[in-house]
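One structure below.
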Amino acid sequence: MTGEATCYNGGSVYSTIDFSANDLTAGEIETETSVAGTNITLIADSSNKITVDANTATLSEISYTQRLKLNGTGATNKRCLKITNVRTGTYTIDFAHGSSSGDDRTLFVTTDGNTEIASLTVSASGKVSKTFTLSSDADVIYIYSTNSSINIYGIHE
């Protein structure tokens with residue numbers, strides 16, 4: 001991960017998002033886990049695991065060697081990325097459908113599980129880079145699949 005840009009607002013520090021699955025240790029994530037050097041926490045438990053494994057993709061001109069598999073439908077309390085103190089800006093998520101067949105899948109970006117920031121769709125076997133805009137600083141955002149597994153490679157400004 002590269003350095004984080006910061007801004008100050010009312011005493012809080014707000015940062016950009018700079019995440020790559022390449023920086024994670026491969027394996028199963030079964031507990032709430034902070035991603036070192038970032039403002040990201042992976043929300044998982046023994047019944048709702050997240051997996052980091054080898055997989056190559058080039059998206060947004062970034063070469064990835066690993067992916068973060070959400071392993072199913074998520075929510076703010078399971079199979080999600082919780083990102084705190086996020087600065088206003090436009091962000092790109094590099095992600096893929098979790099299967100080679102089936103219906104389109106949707107990656108949901110929200111402030112509280114209900115207030116939608118973005119709803120990003122990918123088709124079967126698809127790997128995409130899609131953007132969302134955060135129009136004001138946010139204390140927390142959540143990113144998760146609304147309908148079965150999605151694989152996340154990275155998130156960046």
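No hydrogens, no waters, no symmetry mates; every other heavy atom, side chains included, goes into these values.
The two residues Ile141 and Ala138 have their closest heavy-atom pair at CG2-CB, 3.9 Å. Contact record, Glu157 with Gly89: OE2-CA, 4.2 Å, taken as the closest heavy-atom pair. The heavy-atom pair separating Ser63 from Thr58 by the smallest distance is OG-OG1, 3.7 Å. Taking all atoms of both residues into account, the shortest heavy-atom contact from Leu70 to Asn151 is N-OD1, 4.4 Å. Here the closest non-hydrogen pair linking Gly113 and Phe108 is O-CE2, 3.8 Å. Across Leu107 and Ser145, no two heavy atoms sit closer than the pair CD1-N, 4.1 Å.
The backbone N or O of Thr106 sits less than 3.5 Å from a side-chain atom of Asn147, completing a donor-acceptor pair. Counting only distance, with no hydrogens or angles, the side chain of Gln66 and the backbone of Ala54 share no donor-acceptor pair below 3.5 Å. For the pair Thr73 (side chain) and Ser148 (backbone), a donor-acceptor distance under 3.5 Å is present. Between the side chain of Asn22 and the backbone N or O of Thr65 there is at least one donor-acceptor pair closer than 3.5 Å. Side-chain N or O atoms of His97 include none that pairs as donor or acceptor with a backbone N or O of Ser149 at under 3.5 Å. Remark: the backbone N or O of Asn55 is not paired with any side-chain donor or acceptor of Arg67 at under 3.5 angstrom. In this structure, the side chain of Asn71 engages the main chain of Lys49 through a donor-acceptor pair within 3.5 Å.
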_Please evaluate residues Ser129 and Ser60 with respect to the criterion side-chain hydrogen bond (donor to acceptor under 3.5 Å, both in side chains), reporting the C-alpha separation (whole Å), side-chain torsions for both, the decisive distance (0.1 Å), and the verdict._
CA-CA 6 Å; Ser129 297; Ser60 300; 3.1 Å; yes
_Checking Thr131 against Ile93 for the side chain to side chain contact (heavy atoms under 4.5 Å, CB included) test, could you report, in this order, the C-alpha distance in whole Å, the side-chain angles of both residues, the deciding distance, and whether it holds?_
CA-CA 6 Å; Thr131 62; Ile93 303 178; over 6 Å; no
_Test side chain to side chain contact (heavy atoms under 4.5 Å, CB included) applied to Leu24 and Phe19, step by step_ = CA-CA 10 Å; Leu24 301 174; Phe19 167 77; 3.8 Å; yes
*With side chain to side chain contact (heavy atoms under 4.5 Å, CB included) as the test, would you mind laying out the steps for Glu116 and Thr110 before giving the verdict?*
CA-CA 5 Å; Glu116 179 179 321; Thr110 177; 5.8 Å; no
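Other residues, nucleotides and ligands place more than 12 heavy atoms under 6.0 Å from the NZ atom of Lys130.
Partner of Tyr14 under the side chain to side chain donor-acceptor pair (under 3.5 Å) criterion, out of Asn39, Thr84, Asp139, Thr88: Asp139 alone.
Two different hydrophobic clusters hold Tyr144 and Phe132 under the rule that ILVMFWY side chains link at heavy-atom gaps under 4.5 Å. Linking ILVMFWY residues whenever their side-chain heavy atoms come closer than 4.5 Å, directly or via other members, leaves Ile43 and Ile17 in distinct clusters.
Side-chain contact check for His156 versus Asp94: some heavy-atom pair is nearer than 4.5 Å. Ile29 is listed as a side-chain neighbour of Val52, based on a closest heavy-atom distance under 4.5 Å. For the pair Thr76 and Val140, the minimum side-chain heavy-atom distance is 4.5 Å or more. With a 4.5 Å cut-off on side-chain heavy atoms, Lys69 and Asp53 count as touching. The shortest distance between side-chain heavy atoms of Leu134 and Val109 does not fall below 4.5 Å.
Applying the ring pair (Phe, Tyr, Trp, His ring centres under 6.0 Å) rule to Tyr142 yields no partners; only residues at least two apart in sequence or on another chain are considered. Residues that satisfy the side-chain hydrogen bond (donor to acceptor under 3.5 Å, both in side chains) test with Asn77, not counting sequence neighbours, are absent from this structure. Remark: Asp112 pairs with Thr115 by the side-chain hydrogen bond (donor to acceptor under 3.5 Å, both in side chains) rule, at least two apart or across chains.
Ion pairing between a basic and an acidic side chain is recognised when a charged N comes within 4.0 Å of a carboxylate O; Asp45 and Lys78 show no such pairing.
Within the structure, every pair that satisfies the side chain to side chain donor-acceptor pair (under 3.5 Å) test and touches residues 25-34, not counting sequence neighbours, is listed here: Glu28-Thr51.
The CG atom of Asp18 sits 8.0 Å away from atom CD1 of Ile40, with the distance rounded to the nearest 0.5 Å. The structure places CG of Asp23 at 9.5 Å from OG1 of Thr38, a figure rounded to the nearest 0.5 Å.
Residue Leu59 shares its hydrophobic cluster (ILVMFWY side chains chained together at separations under 4.5 Å) with Ile62, Tyr64, Tyr153.
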Which donor-acceptor pairs under 3.5 Å do side chains of residues 120-128 form with protein atoms, sequence neighbours excluded?
unit_1, atom_1, unit_2, atom_2, d
Ser125, OG, Ser100, O, 3.1
Lys127, NZ, Thr56, O, 3.2

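Side-chain contact annotation: Thr90 with Thr133, donor-acceptor N/O pair under 3.5 Å present.
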